[in-house]
S.K.: 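Next up is a structure, given as structure tokens.
By convention here, the first residue in the shown sequence is residue 1.
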Amino acid sequence: MGIMSGAQILLECLKKQDVDTIFGYPGGAVIPLFDALYDEQEHFKIYRTAHEQGAAHAADGYSRTTGKTGVCMVTSGPGATNTVTGIATAYMDSVPMVVITGQVGNALLGKDSFQEIDITGVTMPITKHNILVRSIDDIEGAVIRAFDIANSDRPGPVLIDIPKDVFMTKIDFKPRSIVQNNGTEKVIEEEDALIVATLINDSKRPVIYAGGGVKISKASQVMVELAEKAGIPVVNTLMGLSTIDRKAPLSLGLVGMHGFKEANLAVTQCDLFIAIGARFSDRVIGKKDRFAPNAKIIHFDIDNTEIDKNMITYLSYICDIKGSLEKVIEKVEINSRQDWNSTINQWKMPVACSDRDFVAKNIIETINKKYDEEAIIVTDVGQHQMWTAQYWNFNQQTNFVTSGGLGTMGFGIGASIGSKIGNPGKPVILFIGDGGFRMTCNELLTIAEYKIPILIVLVNNSTLGMVRQWQKMFSQKRYMATDNSDILDYICLAKAYGIKAKKVDNLDDLEDFVDNLGELSSPILLECKVDKDDCVLPIVPPGEAIEDFIADQY
């Protein structure tokens, strides 16, 4: 291709990976890279966020909602360390992302130089792989390897660290033809499929436990076919929501700490527990020896490190989920399991609030009526996140973007930016609490500058709601450092950025707002003022079995 700098070579390599959208922030070590981008503006669209953490979360949201690999570019030192929370969030939730960091020149490495940090050392525990590129000759191989690793088997983030002098060095670049590894599809054997099918056929009270791996492997429809053919109820992890239509008779929704009674009791009383693409989080299993105590556990996953890590299985398969379930379906008998599903339905609890109370359930359901199909629902972390998980009617057309494993407050705004940029034709609704909003409201500048049409639903209870709930329920109401003062006017703040904003505190006004909303063509902040004493219920107290939940306010 001729004489090219390291920065130009990097961009050519990104083009080969079908990258055209980049989130980032410039700085000293990446000036040569951004200079090369100046000549590539017809191909690459650069979104400069207000902070590097926002760029990492935006790349994460972009990846989760497009099926592409999110790309983030930042400078060395503090620029690189500011992405750490975003990288860890992607790592915990198995999101393919490539983070490119600038580094001080090779001659300055290891000398405590200005804005030097060993970012590969810092991120080693929270990346699938990371690479320090010391030579221009290694750029192409590093990029190919990074994208391969990020997307193969269980996906995750990869970091590429490149010294400034490598960006500036020039060579006669001749692209190599390198075969990419797109992962291995390991489908279970016919005899194993028969064993699983026989266990299902013989079971009286089976349950499917569907996690985020079902979505990642694009196995949602196959999982539903198995459930429907065999009459198996489905419970979801937080990351597994939207793998089955929440309105479907077999869908029991969220399980675990904030799971509904019918979901938690179904797990407790089942005789066969089929875990698919899920990792048995502590928030799901509660007291370990009382989780599905009478069930044989079958675990399908692509990551062998998850097998028997938190729960001992009866059978486990390291496999491609979609292809493996297809084999099982062929051998499973048709069965409605009417008695089992009828019993589960009898466990359902009545709604605790009236349909006119201005509470999270009614707020979420009112907005849900407007956006019932093909919406992208993003949340931050806290009470609003759990309420959304409980009450939004997810289906396979809904893309649910939330921080599950790390529980990152401040995730929502950046993730919604990336989600909307990657999906300009779909409505993006962000549910966020006032605590997380305060952490990252600087990214309103990004939303305003790029005119990103997101509906931001600020569930404002003037407190760090989930922490306060725990203090209320488990710390004798000793509230410490949780309540937020009302000195900040969120409506004025939004309008300072040129963003439309409205505050509502009753259901009539909310319904009027939703009815007149029309198509989202510009960003809007909707502040919903709710009671700080409202709790996410049910809740399983820490260390208790998931059947020992609390269902009432006190």
Side-chain angles (χ1 to χ4, degrees), residues 57 61 65 241 357-372 374-394 398-403 409-420 423 426-441 443-444 447-448 452-466 484 488-491 493-495 497 499-532 534 536:
H57 290 324
T65 57
L241 291 168
D357 291 341
F358 197 67
V359 294
K361 176 182 183 295
N362 292 335
I363 293 169
I364 290 165
E365 289 180 347
T366 299
I367 297 170
N368 198 164
K369 291 174 185 175
K370 175 77 174 180
Y371 299 103
D372 196 35
E374 302 233 0
I376 296 173
I377 307 303
V378 185
T379 77
D380 205 78
V381 168
Q383 284 182 313
H384 68 278
Q385 177 191 30
M386 294 298 105
W387 282 320
T388 304
Q390 289 178 330
Y391 297 117
W392 192 274
N393 283 320
F394 295 100
T398 313
N399 209 319
F400 184 41
V401 179
T402 194
S403 171
M409 286 181 68
F411 168 79
I413 298 181
S416 66
I417 289 170
S419 297
K420 184 61 184 179
N423 301 269
K426 291 185 179 181
V428 173
I429 298 95
L430 166 64
F431 289 97
I432 187 169
D434 49 303
F437 185 84
R438 287 174 176 228
M439 285 185 171
T440 52
C441 60
E443 294 301 343
L444 290 179
I447 291 172
I452 303 171
I454 297 165
L455 174 58
I456 304 169
V457 182
L458 174 59
V459 183
N460 179 12
N461 56 5
S462 301
T463 191
L464 305 180
M466 190 61 84
N484 296 326
L488 177 56
D489 187 325
Y490 297 105
I491 303 302
L493 177 65
K495 290 181 176 179
Y497 288 106
I499 294 174
K500 297 176 186 177
K502 183 176 178 61
K503 182 176 181 178
V504 295
D505 58 9
N506 63 82
L507 209 55
D508 289 335
D509 287 350
L510 176 62
E511 288 172 340
D512 183 64
F513 171 84
V514 171
D515 289 343
N516 293 285
L517 188 55
E519 185 178 347
L520 281 174
S521 57
S522 60
I524 301 174
L525 174 72
L526 174 65
E527 180 184 358
C528 297
K529 188 67 176 166
V530 298
D531 191 334
K532 69 172 60 177
D534 283 347
V536 179

S.K.: Any idea which heavy atoms bring Ala415 and Val378 closest together, and the distance?
M.R.: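 In this case the closest contact between Ala415 and Val378 is CB-CG1, 4.0 Å.
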S.K.: Taking the side chain as every heavy atom from C-beta outward, state whether Lys370 and Leu517 have any atom pair closer than 4.5 Å.
M.R.: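 A side-chain contact exists here, since the closest heavy-atom pair is under 4.5 Å.
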S.K.: So, do Ile456 and Ser416 sit near enough that their side-chain heavy atoms are less than 4.5 Å apart?
M.R.: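 No, their side chains stay 4.5 Å or more apart.
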S.K.: Atom CD1 of Ile524 and atom CD1 of Ile429: how far apart are they, to the nearest 0.5 Å?
M.R.: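 Reported value, rounded in 0.5 Å steps: 11.0 Å.
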S.K.: Counting only N and O atoms by type, is there a donor-acceptor contact under 3.5 Å from the side chain of Asp434 to the main-chain atoms of Thr463?
M.R.: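 Yes, Asp434 side chain to Thr463 backbone: donor-acceptor pair under 3.5 Å.
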S.K.: Strictly by modelled atom types, are Lys420 and Thr65 linked by a side-chain donor-acceptor pair under 3.5 Å?
M.R.: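 Not at all, the side chains of Lys420 and Thr65 share no donor-acceptor pair under 3.5 Å.
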S.K.: For Lys503 and Ile491, work out which heavy atoms get closest and say how close.
M.R.: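 Heavy atoms only, the tightest pair is N-CD1, 3.8 Å.
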S.K.: Between CZ of Phe411 and OG1 of Thr402, what distance do you get to the nearest 0.5 Å?
M.R.: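 It is 6.5 Å, given to the nearest 0.5 Å.
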S.K.: State the CG-CZ distance between Leu455 and Phe431, to the nearest 0.5 angstrom.
M.R.: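 CZ of Phe431 is found 7.5 Å from CG of Leu455.
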S.K.: Decide yes or no for Met409 and Leu464: does some side-chain heavy atom of the first lie under 4.5 Å from some side-chain heavy atom of the second?
M.R.: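 Touching, per the 4.5 Å side-chain cut-off.
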S.K.: How about Leu520 and Tyr371: do any of their side-chain heavy atoms sit closer than 4.5 Å?
M.R.: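 The answer is yes, as the side chains (C-beta and beyond) meet within the 4.5 Å cut-off.
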S.K.: CG/Asn460 to CD/Glu527 distance, rounded to the nearest 0.5 angstrom?
M.R.: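 Spacing of CG (Asn460) from CD (Glu527) equals 4.5 Å.
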S.K.: Please give me the minimum heavy-atom distance between Ile413 and Cys441, naming the atom from each residue.
M.R.: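 What the structure gives for the nearest pair is CD1-CA, 4.0 Å.
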S.K.: Go through the steps for Ile364 and Gln390 under the test side-chain contact (heavy atoms from CB on, under 4.5 Å), then give the verdict.
M.R.: CA-CA 10 Å; Ile364 290 165; Gln390 289 178 330; over 6 Å; no
S.K.: Apply the test side-chain contact (heavy atoms from CB on, under 4.5 Å) to residues Leu458 and Leu525: give CA-CA distance (whole Å), side-chain angles for both, the deciding distance (0.1 Å), then the verdict.
M.R.: CA-CA 7 Å; Leu458 174 59; Leu525 174 72; 4.0 Å; yes
S.K.: Tell me whether the rings of Phe437 and Tyr490 are parallel (<30°), tilted (30 to 60°) or perpendicular (>60°).
M.R.: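 Perpendicular.
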S.K.: On a heavy-atom basis, which atom in Ser521 and which in Pro453 lie closest, and how many Å separate them?
M.R.: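 Heavy-atom minimum between the residues: C-CB, 3.6 Å.
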S.K.: Any sub-3.5 Å donor-acceptor pair from Asn461's side-chain atoms to Asp531's backbone N or O?
M.R.: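 No, the answer is negative, given that no donor and acceptor are paired below the 3.5 Å cut-off.
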S.K.: Between the side chain of Glu443 and the main-chain N/O of Gly410, is any donor-acceptor distance below 3.5 Å?
M.R.: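 The answer is no, because no donor-acceptor pair under 3.5 Å joins these two groups.
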S.K.: Distance check, rounded to the nearest 0.5 Å: Asn506 atom CG versus Glu511 atom CD?
M.R.: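 Here the interatomic distance stands at 9.0 Å.
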S.K.: Between atom CG of Leu241 and atom CZ of Phe400, what is the distance when rounded to the nearest 0.5 Å?
M.R.: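 So the CG of Leu241 and the CZ of Phe400 are separated by 6.0 Å.
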S.K.: Without swapping roles, check the side chain of Asn393 against the backbone of Asn368 for a donor-acceptor pair under 3.5 Å.
M.R.: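 Side chain of Asn393 to backbone of Asn368: no pair is present.
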S.K.: Report yes if the side chains of Met466 and Gln385 come closer than 4.5 Å at any heavy-atom pair, otherwise no.
M.R.: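 Heavy-atom side-chain distance check fails, nothing below 4.5 Å.
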S.K.: Among Asp508, Leu510, Asp534, whose side chain to side chain contact (heavy atoms under 4.5 Å, CB included) with Phe358 holds?
M.R.: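 Among Asp508, Leu510, Asp534, the one that satisfies the side chain to side chain contact (heavy atoms under 4.5 Å, CB included) with Phe358 is Leu510.
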S.K.: Report the C-alpha separation of Ile363 and Trp387 in whole Å, then their side-chain angles, then the decisive distance to 0.1 Å, and conclude whether the side-chain contact (heavy atoms from CB on, under 4.5 Å) test is met.
M.R.: CA-CA 10 Å; Ile363 293 169; Trp387 282 320; over 6 Å; no
S.K.: At their closest point, which heavy atom of Gly61 faces which heavy atom of Val401, and how far apart are they?
M.R.: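 Shortest heavy-atom contact: CA-CG1, 4.5 Å.
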S.K.: Between Pro523 and Ile452, what is the shortest heavy-atom contact and its length?
M.R.: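 Looks like CB-O, 3.3 Å.
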